[in-house]
Protein chains: 2
Amino acid sequence: MMLASPLGFRRSALTRRLSHYLTLTEAEDRALEAAEERERRVAAGEPLVEASQPIDRLFVVQHGWLHSSVRLRDGGRQILRFHYPGDLIGVSSIAWSQAATTLTAVSDCIVSELPKTQLGRLFAAQGRIGGLLYAIAAAESVAMSDRLTAIGRMNAIQRLATLLLDITARLRVTAGGVVDTIELPLTQADIGDALGLTKVHVNRTFREMEKRGMISRAGRRLKILDEPGLIDFTGFVDRHAVIATDWLPPLLG
Amino acid sequence: MMLASPLGFRRSALTRRLSHYLTLTEAEDRALEAAEERERRVAAGEPLVEASQPIDRLFVVQHGWLHSSVRLRDGGRQILRFHYPGDLIGVSSIAWSQAATTLTAVSDCIVSELPKTQLGRLFAAQGRIGGLLYAIAAAESVAMSDRLTAIGRMNAIQRLATLLLDITARLRVTAGGVVDTIELPLTQADIGDALGLTKVHVNRTFREMEKRGMISRAGRRLKILDEPGLIDFTGFVDRHAVIATDWLPPLLG
DNA sequence: CGCACGTTTGATTACCGTCAAGGTATGTGG
DNA sequence: CCACATACCTTGACGGTAATCAAACGTGCG
């Protein structure tokens, strides 16, 4: 169990993220901190949960990256989403008692456990938190539909560009300062599985983008050279920066 | 405003859907019915909401089909989801004050309005409802990730087959009885925009499926001839039939 | 050092897109 | 009642983006 602390000391990344969107009451803060249980470490490349495995809890990402994916009959894989600090993950286990996707650590991770029943209590007792979680889920759903659009209707360069822009936008929520260079812990095979491309074609697409002066690469570090240009080229919309909370009742007391 | 009725008479399709997953208390039932406001009719092909239009309310589908879509710079379109009676739609307007997608009626529709502030009150006062809406949103998110997987990693036949299986599964939730034939109000261009294919290729794929004895068509009516075979062929999983509610506190009183 | 893993490059193939045109059904107005 | 328009479906020919197959090249690590 994490140390409850209304003072902002050693708080969960979820509490920090939520208070980024909404000023939490002390009761809400405490209820959130109390809901999370023990922490777990997951080494890069290791699975946290396997698809179709029975599960009764969610996880909060405290540190590191993960992704959720599914495997196909033919051995192929589709990566559905990436998860960053402050994300509530394994949400599909809410709707069923089995995991719908596999959760895998991309880099070394720390996550904390949040049992489904605790989430139920949170919704029942702290309705504003429930509403905020719903709003975040809605935003993430739109971000996923952007990915769907990219895969369904865009060519390889546009797909890769939108992914890079999206990762950058999401990292800015947590990182705070200016982010124009990202440390990509992903292999080109991972990126291909996220974009519906093969690793071979991802490689060719990276080189093409370099040739066109869109990005530069050095090892795992990647720099976006002309962000406004890429945004215009892809029609990218940042879904992470702002989330409306004006529709929530101001205070429950 | 819909007639509040704990007796099950003239209830909103949303209330009916939720009570399909969870036995509602009278207070919950009443709060749900009170949240919805006036009804609107939308003729087939007409838009209900346009993307990026300011909006402060959601909608509940009472009758008919709609879809949400986005337009691309180049004139292309991606259909993201289809919406059926009992669905809460326009959810992206919760996270922002503008619509993220265009909502268009596929067949003649009746929807009722649900202002964001009413939803906020529902979350605050009826936490179990909030939790249930969250669970449904999680299930729909998984259904969308199934579509993502189909578009990213499957060929045209498998994509079309999963779409047909998914529509059938979703209709069964509302229809109740046995559904093995569906009346498709969609054009082949619509289906292509949902699957990331052109209408020309959708047509070829339909004919190929007929030739292989997977489906039969007569006008708009479509029959799935070997559902177990198609399920095995595509790895389809029904995301609509069951949703767990065991994690919600039994009663709030 | 050698192995595993990831990146890069080349040659060939195939699935699906594009372009074009004809066919069918439904509806409307003269 | 028929000419005509419109929307949708169907089919053919051709071309291109990305997949597949194969192999070389780096690079970090035990």
Side-chain angles (χ1 to χ4, degrees), chain A residues 43-46 67 72 74-79 104-108 149-163 183-212 215-222 234, chain B residues 43-46 72 74-79 104-108 149-163 183-212 215-222:
Chain A
E46 293 297 310
H67 64 62
L72 305 193
D74 63 11
R77 182 179 65 156
Q78 177 69 47
I79 291 178
T104 310
V106 174
S107 59
D108 289 338
T149 303
I151 296 178
R153 286 287 181 232
M154 291 180 184
N155 64 27
I157 289 197
Q158 290 173 314
R159 290 188 214 180
L160 184 49
T162 51
L163 178 64
E183 186 89 33
L184 266 189
L186 305 167
T187 68
Q188 295 182 354
D190 291 333
I191 294 173
D193 286 340
L195 296 179
L197 298 169
T198 59
K199 60 186 178 188
V200 175
H201 204 68
V202 168
N203 186 274
R204 288 193 231 275
T205 308
F206 264 128
R207 319 227 96 223
E208 177 65 23
M209 289 180 77
E210 280 183 311
K211 212 176 77 182
R212 295 197 196 176
I215 58 170
S216 66
R217 290 181 304 157
R220 328 230 70 168
R221 291 201 80 71
L222 185 143
T234 57
Chain B
E46 293 297 310
L72 305 192
D74 64 9
R77 184 179 64 155
Q78 177 69 48
I79 291 178
T104 310
V106 174
S107 59
D108 289 338
T149 303
I151 296 178
R153 286 288 181 231
M154 292 181 184
N155 63 28
I157 290 198
Q158 290 173 313
R159 288 187 214 179
L160 185 48
T162 52
L163 178 64
E183 186 89 34
L184 266 189
L186 306 167
T187 67
Q188 294 182 355
D190 291 333
I191 294 173
D193 286 339
L195 296 178
L197 299 168
T198 58
K199 61 186 179 188
V200 175
H201 203 69
V202 168
N203 185 274
R204 287 192 233 276
T205 308
F206 263 128
R207 318 228 97 224
E208 176 65 23
M209 289 181 77
E210 280 183 312
K211 212 175 77 184
R212 295 196 194 176
I215 58 170
S216 66
R217 291 180 305 157
R220 326 231 71 167
R221 291 202 80 73
L222 186 144

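Below, chain A is the first sequence line, B the second, and so on; all start at residue 1.
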Checklist entry - Any salt bridge between A/Arg212 and A/Glu208, counting N to O under 4.0 Å? => result yes
Checklist entry - Can a side chain N or O of B/Asn203 be found less than 4.0 Å away from OP1 or OP2 on D/dT10? => result yes
Next on the checklist: How many whole angstroms separate atom NZ of A/Lys199 from atom P of D/dA18?
Outcome noted: 18 Å
Checklist outcome for this item: Contacts of A/Val200 and B/Gln188 projected onto DNA chain D by closest heavy atom; the upstream (5') one is B/Gln188
Item to check | Distance, rounded to the nearest Å, where B/Asp190 contributes CG and D/dC9 contributes C1' | outcome: 13 Å
Item to check | Spacing between B/Arg204 atom CZ and C/dT18 atom P, to the nearest angstrom | outcome: 12 Å
Next on the checklist: What is the distance, to the nearest angstrom, from the CZ atom on A/Arg159 to the C1' atom on D/dA18?
Outcome noted: 9 Å
Next on the checklist: A/Gln188 and side chain to side chain donor-acceptor pair (under 3.5 Å): which single residue from A/Asp193, A/Thr198, A/Asn203 fits?
Outcome noted: A/Asn203
Next on the checklist: What is the separation between atom CG on A/Asn155 and atom P on C/dC16, rounded to the nearest whole Å?
Outcome noted: 17 Å
Checklist entry - Quick one: are A/Ile151 and A/Gln78 in side-chain contact, heavy atoms under 4.5 Å? => result yes
Checklist entry - Between C/dT12 atom P and A/His201 atom NE2, what is the distance in whole Å? => result 19 Å
Checklist entry - Base, sugar-phosphate, or nothing: which does A/Thr187 touch, judged by heavy atoms less than 4.0 Å apart? => result sugar-phosphate
Item to check | Touch class at under 4.0 angstrom, heavy-atom based, for B/Arg207 against every strand present | outcome: sugar-phosphate
Next on the checklist: Need one value for B/Arg220: base, sugar-phosphate or nothing, where a base atom within 4.0 Å counts as base even if backbone is also close, heavy atoms only.
Outcome noted: sugar-phosphate
Item to check | Between P of C/dC16 and CD1 of B/Ile191, the distance in whole Å | outcome: 16 Å
Checklist entry - With a non-hydrogen cut-off below 4.0 angstrom, is A/Gly196 in contact with a base, only sugar-phosphate, or nothing? => result sugar-phosphate
Checklist entry - Under a 4.5 Å cut-off applied to non-hydrogen side-chain atoms, are A/Thr104 and A/Glu46 in contact? => result no
Checklist entry - Can B/Leu184 and B/Ile191 be said to form a side chain to side chain contact (heavy atoms under 4.5 Å, CB included), step by step? => result CA-CA 10 Å; B/Leu184 266 189; B/Ile191 294 173; 4.2 Å; yes
Item to check | d(CD1, A/Ile151; C1', D/dA18) in whole Å | outcome: 14 Å
Checklist outcome for this item: Closest to the side chain of B/Arg217, out of D/dT20, D/dA18, D/dT10, is D/dT10
